[in-house]
Amino acid sequence: MVRSLGQAQVTVGDEDVRVAELRTAVSRLRRRLAALPADFPDRVVAEEELADLAAMTAHGVPEISRLHRSLLLIAGAIGSVSALSPGLAEVRRAVELFGDPPRR
């Protein structure tokens with residue numbers, strides 16, 4: 001087990017459980033967003049950031065500061081779309097598994 005920023009890295013087989021959690025949360029939010037009939041100004045931004053997060057989870061453990069940046073962009077883009085709140089909360093919890101970004 002490796003410790004990084006106070007978070008334990010747990011693996012199942014060859015995969016980091018945090019990465020699997022994030023991948024699942026991102027996938028669910030992408031599906032919810034795709035099923036949402038309403039259009040809103042920053043929908044494309046949310047879709048692109050979710051696609052970026054999905055790509056990051058396909059290549060091992062993502063960079064923590066990039067995860068937090070993507071989360072902020074997604075939260076800002078989704079805004080107050082209440083139908084997406086549970087999915088956004090799930091993505092936030094998955095990002096928090098990686099710990100806080102390094103301080104500058």
Residue pair Pro86 / Ser82: nearest heavy atoms and the distance that separates them: CD-O, 3.8 Å
Point-to-point distance, once rounded to the nearest 0.5 Å, from CG of Leu71 to CZ of Arg92: 8.0 Å
Rounded distance (nearest 0.5 Å) linking atom CD of Glu47 with atom CD1 of Ile78: 10.0 Å
Distance, nearest 0.5 Å, that separates CD1 of Ile64 from CD of Glu96: 12.5 Å
Asp42 versus Gly76, closest heavy-atom pair with distance: OD2-O, 4.4 Å
Of all pairs that satisfy salt bridge (Lys or Arg N to Asp or Glu O under 4.0 Å), the ones with a partner from residues 50-61, not counting sequence neighbours: Asp52-Arg66
Least distance between heavy atoms, Val19 atom then Phe98 atom: N-CZ, 3.8 Å
Glu21 atom CD, neighbour heavy-atom count above 12 within 6.0 Å: no
Contact summary for Leu22 and Pro62, nearest pair of heavy atoms: CD2-CG, 4.3 Å
Nearest non-hydrogen partners of Leu97 and Arg18, listed with the distance: O-CD, 3.3 Å
Spacing of Arg30 atom CZ and Ile74 atom CD1 [to the nearest 0.5 Å]: 10.0 Å
Joint cluster assignment, Val61 & Val95, ILVMFWY side-chain distance < 4.5 Å: yes
Salt bridge (Lys or Arg N to Asp or Glu O under 4.0 Å) partners for Glu48, two or more places apart: none
Polar contact flag, side-chain donor to acceptor under 3.5 angstrom, Arg31-Ser27: yes
Leu84 reachable from Leu72 in the ILVMFWY side-chain graph, under 4.5 Å edges: no
Which atom of Ala25 lies closest to which atom of Val91, heavy atoms considered: O-CG2, 3.6 Å
Single-linkage hydrophobic cluster, 4.5 Å side-chain cutoff, Phe40 and Leu29 together: yes
Side-chain donor/acceptor of Thr57 to backbone N/O of Ala54, under 3.5 Å: yes
Side-chain heavy atoms of Met56 within contact of Glu63, under 4.5 Å: no
From CG (Leu33) to CG (Leu88), nearest 0.5 Å: 11.0 Å
Reported CZ-to-CG distance for the pair Arg32 and Leu50, which is rounded to 0.5 angstrom: 11.5 Å
